[in-house]
Amino acid sequence: MNFEFDPDVEEMRAMTVAFARRELAGRREENGAAFDADAFRGRWLLAGKQGVVGGVVPVEYGGSGLDAVAASAVMEALGYGSSDTGFAFSVAAHLFASLMPIVEFGTEEQKRRLLPALCSGELIAAHAITEPEAGSDALNLRTRAEFRGDHYVLHGSKCFTTNAPVADVFVVQAATEPGRGFFGLTAFVVEAGTPGLSVGPPYTKVGLRGSPTADVHFDGCVVPSADVLGARGAGASVFSSSMKWERTCLFAAYLGAMQRVLESTVEYAGEREQFGAPIGSFQAVGHRLVDMTLRLESARLLLYKAAWGLARGSEDEVAPALAKLAVSEAAVQVGLDAIQVRGALGVLEGEAETLLRDALPARIFSGTNEIQKNNIARALGLSGSRRRARRR
Ligand SMILES: Cc1cc2nc3c(=O)[nH]c(=O)nc-3n(C[C@H](O)[C@H](O)[C@H](O)COP(=O)(O)OP(=O)(O)OC[C@H]3O[C@@H](n4cnc5c(N)ncnc54)[C@H](O)[C@@H]3O)c2cc1C
């Protein structure tokens, strides 16, 4: 067992922290109608030049060929170097939920056509499965894809699609055989500008404000059969595979964010004096900081264990689910603790309250924490959970 990164991964981490501090830090949060798509694209191109938005894509398709451990290290560095966790989240949704399905299931033509510009930062990708009536029950989609020989026609609406307001390429899940459950879904790649595809206005969210989110509508949208991702009926497999990546590598950004906020909280506790002593010398405050450290370090171990498995081709879905649970719950608690240690200053705009706001959605996206527990219980062989097999 080795708890060290390879020297080249260490170097990449340091470079990513420097990049995030230089290009992403200190930015005002944008939200809803105030979202500035041009500024976002500018930062995205810089991240592309840095090799961040194509990290896990093989070098032959324009990526950096990172494995899951190195990709997690880069995501952690992004979260550490900038308080804009929303931007890191957008990068992760692009990379792990959208590009990895193309890498793992795409045809050679799809990979050559789409991946180079998606890795360079010229194009942005989004992944759309969630619908107003199909959240946790992700196999129960209402969006239909009707087969018409050499093409499909898509009808339906998606919601909560990360990156939708800026996306050039959408990985879309639709029902090709409604009622066939796991085998009833098919994944498609659909390019922005395709007639019949439209995107709603950016949402106003409590957290992850640097990441634009919107509805996506398909109204008689014609998609060539050549743009099926994987095979017809393989949509749920495409989705499950991408979730292993997302539940592991995406959450590494939160490790970095927690580390950054923990360090500033320790510093604050050492400087702020009450009753003639630094507040950090009071046992209640010191223990809180120890608890924050314990949560962060144990979540980090679970995440890198999951990443280590993924890098070795493991099909295990429990390790990513445990990592997702541990990191998201730790992030919420670390956010709360960071506010408490700062007293009234904690409720002013700043990195403690930002962490808490950014952490709240983490318990929901990539499959809610309750659904992760259902999946883990099923893997433990607990009866009653089996019935819900394959839900996200
Ligand atoms: C910031 C953000 C970004 C997102 N980005 C994307 C994206 O890019 N693409 C995309 O497709 N989706 C995205 N989503 C959607 C996300 O995947 C869904 O929100 C999530 O799957 C939960 O679905 P839901 O919100 O409809 O909640 P629901 O499924 O309605 O669940 C509501 C509550 O009921 C609980 N619940 C439901 N069923 C069960 C059960 N069987 N057992 C126990 N508890 C249960 C849930 O845990 C939750 O607490 C995003 C969400 C957020 C918040």
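Please read all numbers here as calculations on a predicted model, not as lab measurements. Every number for a ligand or one of its atoms is a count from 1 in the order of the listing. Numbering starts at 1 and runs along the sequence shown.
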Does an N or O anywhere in [X] fall below 3.5 Å from an N or O of ligand 1?
X: Thr130; value: yes
X: Thr161; value: no
X: Gly367; value: no
X: Ala128; value: no
X: Thr213; value: no

(message) For Asp316, is there an ion pair with Lys305 - N to carboxylate O distance below 4.0 angstrom?
(response)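 Salt bridge between Lys305 and Asp316, a charged N being under 4.0 Å from a carboxylate O: no.
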(request) Using the six-membered ring wherever Trp is involved, compare the ring planes of Phe188 and Tyr152 and label them parallel, tilted or perpendicular (cut-offs 30° and 60°). (result)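 Rings of Phe188 and Tyr152: perpendicular, as their planes differ by over 60°.
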Close-contact set for ligand 1 against [X] heavy atoms, below 4.0 Å:
X: Thr162; answer: 3 (C), 4 (C), 5 (N), 6 (C), 7 (C), 8 (O)
X: Phe89; answer: 3 (C)
X: Thr368; answer: 22 (C), 46 (C), 47 (O)
X: Ile364; answer: 19 (O), 20 (C)

I want to confirm something. Looking only at heavy atoms, which of [options] is nearest to [atom]?
atom: atom 36 (N) of ligand 1; options: Pro132, Gly86, Ser136, Ser211; value: Ser136
atom: atom 52 (C) of ligand 1; options: Tyr203, Phe239, Phe160, Phe170; value: Phe160
atom: atom 24 (P) of ligand 1; options: Ala167, Ser90, Ala126, Gly135; value: Gly135

(message) Between Gln372 (side chain only) and Gly367 (backbone N and O only), is there a donor and an acceptor less than 3.5 Å apart?
(response)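 Pair found, side chain donor or acceptor close to backbone of Gly367.
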(message) Would the distance check show the side chain of Lys324 and the main-chain N or O of Ala319 forming a donor-acceptor pair, the cut-off being under 3.5 Å?
(response)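 Flag not set: sc Lys324 to bb Ala319 has no pair under 3.5 Å.
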(message) Could you check, using the six-membered ring where one of them is a Trp, whether Tyr203 and Phe160 have ring centers closer than 6.0 angstrom?
(response)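 Distance test on ring centres: under 6.0 Å, yes.
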(request) Tell me whether the centres of the aromatic rings in Phe365 and Phe89 are closer together than 6.0 Å. (result)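 When the ring centroids of Phe365 and Phe89 are compared, they turn out to be within the sub-6.0 Å range.
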(request) Taking the six-membered ring of Phe147 (Phe, Tyr or Trp), confirm whether the NZ or CZ of Arg232 is under 6.0 Å from its centre and within 45° of its axis. (result)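 So Arg232 does make the cation-pi contact.
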(request) Assess whether atom CD of Glu11 is packed by more than 12 heavy atoms of other residues, nucleotides or ligands within 6.0 Å. (result)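 No - once you tally the heavy atoms of other residues, nucleotides and ligands closer than 6.0 Å, there are 12 at most.
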(message) Does only the side chain of Ala93 get under 4.0 Å from ligand 1, or the backbone, or both, or neither? Count heavy atoms.
(response)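 It is neither part, as no heavy atom is under 4.0 Å.
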(request) Would you sort out whether Arg342 and Thr265 count as a side chain to side chain donor-acceptor pair (under 3.5 Å), showing the intermediate values? (result) CA-CA 7 Å; Arg342 285 166 170 78; Thr265 309; 2.8 Å; yes
